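Before any comments, here is the structure.
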Amino acid sequence: EDQVTQSPEALRLQEGESSSLNCSYTVSGLRGLFWYRQDPGKGPEFLFTLYSAGEEKEKERLKATLTKKESFLHITAPKPEDSATYLCAVRRDNDYKLSFGAGTTVTVRA
Amino acid sequence: DTGVSQNPRHKITKRGQNVTFRCDPISEHNRLYWYRQTLGQGPEFLTYFQNEAQLEKSRLLSDRFSAERPKGSFSTLEIQRTEQGDSAMYLCASSLQGEHEETQYFGPGTRLLVL
């Protein structure tokens, strides 16, 4: 069974204080690893897809990286509007459903 | 296109009542998914449609749950004889078969509270 573990559960940052979120996974035949952002009371919003070890993707202050066992989401110089829960999910080969971790809730104080 | 839409956004019901939720996917997307999310957890897969065919159902989907996608467009999720444990956010997502990344785009969810 696929396992996705995210750490830490919660992260409180000062505005401008860079940090990283971790997503470790166990899956047979990784098709893709996905990062989503979720604001309270809303559905997840797609951020990135990573397919192979060594791949990196960036969007504004966010950068996602992938190794064979884990993915990191780096937040550089965060702003209060980056406050959200960040979800990691995996999809295996020949399957369509996503298996999610429990998320990391990031709070950025001004 | 305005994305995936779900109705209602909130539903409060009494234990034992039946409820039905609707999902309208992004117009050209032929794949549609239902997930359930409880507080502090990530979404959990419930079921998946390709066009009008329901291709997979999770063990989480008890016989009180039924989902349909009659014409391969919108989908409905019905819960019969609701229980307090059914209280959760029900999320719908859609994707386009054959698109390289086949990203799943989520709707805003329907929050269910069973009293």
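These numbers come from the heavy atoms of this one structure, side chains and all, not from hydrogens, waters or symmetry mates. Here is the naming used below: chain letters follow the sequence lines, and residue numbers restart at 1 for every chain. Values in this document were obtained by computation on a predicted structure and should not be read as measured data.
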Check: For A:Lys79, does the NZ atom have more than 12 heavy-atom neighbours from other residues, nucleotides or ligands under 6.0 Å away?
Finding: no
Notebook entry, point to check: What distance separates B:Arg111 CZ from A:Lys42 NZ, expressed to the nearest 0.5 Å?
Noted result: 13.5 Å
Checklist line | Heavy atoms of other groups near B:Arg15 CZ, more than 12 under 6.0 Å | finding: no
Next item on the list: Kindly state each residue pair satisfying side-chain hydrogen bond (donor to acceptor under 3.5 Å, both in side chains) with at least one member in residues 38-51 of chain B, sequence neighbours excluded.
Entry: B:Arg31-B:Tyr48, B:Arg31-B:Gln50, B:Thr47-B:Gln54, B:Tyr48-B:Gln50
Note to self: If the contact rule is any heavy atom under 4.5 Å from chain B, which residues of residues 81-103 of chain A qualify, in numerical order?
What the structure shows: A:Leu87, A:Arg91, A:Asp95, A:Tyr96, A:Lys97, A:Leu98, A:Phe100, A:Gly101, A:Ala102
Check: If you tally heavy-atom pairs under 4.5 Å against chain A, which of B:Pro108, B:Gly107, B:Ala93, B:Ser58 wins?
Finding: B:Pro108
Next item on the list: Can you tell which part of B:Glu56 gets under 4.5 Å to a heavy atom of chain A, answering side chain, backbone, both or neither?
Entry: side chain
Note to self: If hydrophobic clusters are built by linking Ile, Leu, Val, Met, Phe, Trp and Tyr wherever their side-chain heavy atoms come under 4.5 Å apart, do B:Leu61 and B:Tyr33 end up in the same one?
What the structure shows: no
Checklist line | Shared hydrophobic cluster for B:Leu32 and A:Phe46 (ILVMFWY, side-chain gaps under 4.5 Å) | finding: no
Notebook entry, point to check: Side chain, backbone, both or neither: which part of A:Gln38 has a non-hydrogen atom closer than 4.5 Å to chain B?
Noted result: side chain
Notebook entry, point to check: Would you call A:Tyr36 and B:Phe106 a side-chain contact if the rule is heavy atoms closer than 4.5 Å?
Noted result: yes
Notebook entry, point to check: Who pairs with B:Phe65 by ring-ring contact (aromatic ring centres under 6.0 Å, His included), at least two apart in sequence or on another chain?
Noted result: none
Check: What's in the same ILVMFWY side-chain cluster as B:Leu115, cut-off under 4.5 Å, chained through other members?
Finding: B:Ile12, B:Leu113
